[in-house]
Amino acid sequence: MLVVEDEPDLARMVATYMTHAGYRSEIAFTGTEALNRARDLDPDVVLLDLGLPGVDGVEVCRQLRTFTDCYVLMVTARSDEIDRIIGLSVGADDYITKPFSPRELVARVQAVLRRPRRPVGAVEDSGEEPREFGDLVVDLDGRRVTRAGEPVDLTRTEFDILALLASSPKVAFSRRRILDEVWDPGWIGDEHVVDVHVAHVRAKIGDDPAEPRYIDTVRGVGYRMVRP
Ligand code: CA
């Protein structure tokens, strides 16, 4: 994993804890360095401090998303900043507020890393046919999505949400259930994080929430696939 933090003591402390927990950890002290290191290392997880000198965490996250689907855990100094960052739609997967205990941090990293090993709604090599919703095809095993034959580039979190909905297309999933399945049962946070990620998925698959062709909003509940 890559630890991006401009306070050297904190950066080293975090990297040491993560190394002890069994994760190879590298440090970047600035946003520019973070982007260069991420290109070289191709990390599974980037722990990204929001407040960096120069290129800040939001911009780093935005640029990371142009070349990697690694998990991005955004670290903020104030919990009320989280809503603002979520609103910016830069594609972070989870958020953690300073100060955090090393144990909490390790738990969060473990939680996100468990996700790709447990693809939502899919068993490895299950032989399951891709699910079709009109011209939208969701390949649960291959973790691929195409629309009208064109590949759709989703982040892991976005794919996991779409895969969950597509795996049981008749089921209306509550926001809470989506959080439990896609994030982690221990995830504590605002349920509207789900809405933001669904909005990203809709934008990428060209779905109009006012006239949905793929993902329906179930008022007061959450989301369900549109019946073909
Ligand atoms: Ca900082």
Side-chain angles (χ1 to χ4, degrees), residues 1-116 154-158 160 179 182-184 186-197 199-200:
M1 66 179 294
L2 182 61
V3 177
V4 186
E5 170 59 63
D6 59 308
E7 295 167 45
D9 289 348
L10 182 58
R12 289 193 194 98
M13 187 197 82
V14 167
T16 302
Y17 273 110
M18 294 315 299
T19 304
H20 284 161
Y23 302 99
R24 242 193 70 200
S25 303
E26 305 273 342
I27 299 173
F29 296 104
T30 69
T32 308
E33 192 184 350
L35 291 165
N36 290 335
R37 302 290 279 148
R39 280 198 180 84
D40 290 346
L41 295 166
D42 193 20
D44 294 324
V45 179
V46 175
L47 188 73
L48 179 58
D49 185 32
L50 178 70
L52 295 168
V55 185
D56 75 356
V58 164
E59 185 55 28
V60 171
C61 190
R62 194 171 276 144
Q63 291 191 31
L64 281 173
R65 282 292 173 247
T66 63
F67 63 90
T68 173
D69 70 346
C70 68
Y71 283 119
V72 177
L73 262 80
M74 191 78 94
V75 181
T76 73
R78 299 197 339 253
S79 57
D80 61 356
E81 277 181 338
I82 293 179
D83 275 358
R84 187 179 69 81
I85 307 161
I86 290 172
L88 292 174
S89 310
V90 289
D93 295 285
D94 204 350
Y95 305 87
I96 189 165
T97 312
K98 287 181 186 175
F100 46 76
S101 71
R103 185 184 300 190
E104 186 186 358
L105 179 62
V106 170
R108 284 293 188 86
V109 170
Q110 285 170 338
V112 290
L113 283 172
R114 266 199 300 276
R115 286 156 50 183
L154 300 179
T155 67
R156 292 191 201 188
T157 298
E158 290 161 3
D160 284 347
L179 280 175
V182 174
W183 275 256
D184 200 61
W187 198 87
I188 302 160
D190 196 317
E191 293 184 5
H192 90 240
V193 107
V194 173
D195 300 330
V196 174
H197 285 278
H200 296 171

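Quick caveat, the model's predicted, so the values are computed rather than measured. When a ligand or atom number is given, it counts from 1 through the structure's own listing order.
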Legend entry - Flag, side chain of Glu7 to backbone of Asp9, donor-acceptor distance under 3.5 Å: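 Between the backbone of Asp9 and the side chain of Glu7 there is no qualifying donor-acceptor contact (under 3.5 Å).
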Legend entry - Charged N-O contact under 4.0 Å between Asp42 and Arg24: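 No salt bridge links Asp42 with Arg24.
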Legend entry - Heavy-atom neighbours of Phe29 CZ exceed 12 at 6.0 Å: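 For Phe29, atom CZ is crowded (more than 12 foreign heavy atoms under 6.0 Å).
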Inset, instruction - Check the surroundings of atom CZ in Arg39: do more than 12 heavy atoms from other residues, nucleotides or ligands lie under 6.0 Å from it? - result: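 Counting other residues, nucleotides and ligands, CZ of Arg39 exceeds 12 neighbours.
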Legend entry - side-chain contact (heavy atoms from CB on, under 4.5 Å), paired with Val106, selected from Gln110, Arg103, Arg108: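 Running side-chain contact (heavy atoms from CB on, under 4.5 Å) over Gln110, Arg103, Arg108 with Val106 returns exactly one hit, Gln110.
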Inset, instruction - Using the test salt bridge (Lys or Arg N to Asp or Glu O under 4.0 Å), find all partners of Asp69 that sit at least two apart in sequence or belong to another chain. - result: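 Expected list: Arg156.
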Legend entry - Protein-derived N, O or S atoms lying under 3.0 Å from the Ca ion (ligand 1), waters excluded: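 The number of such protein atoms is 3.
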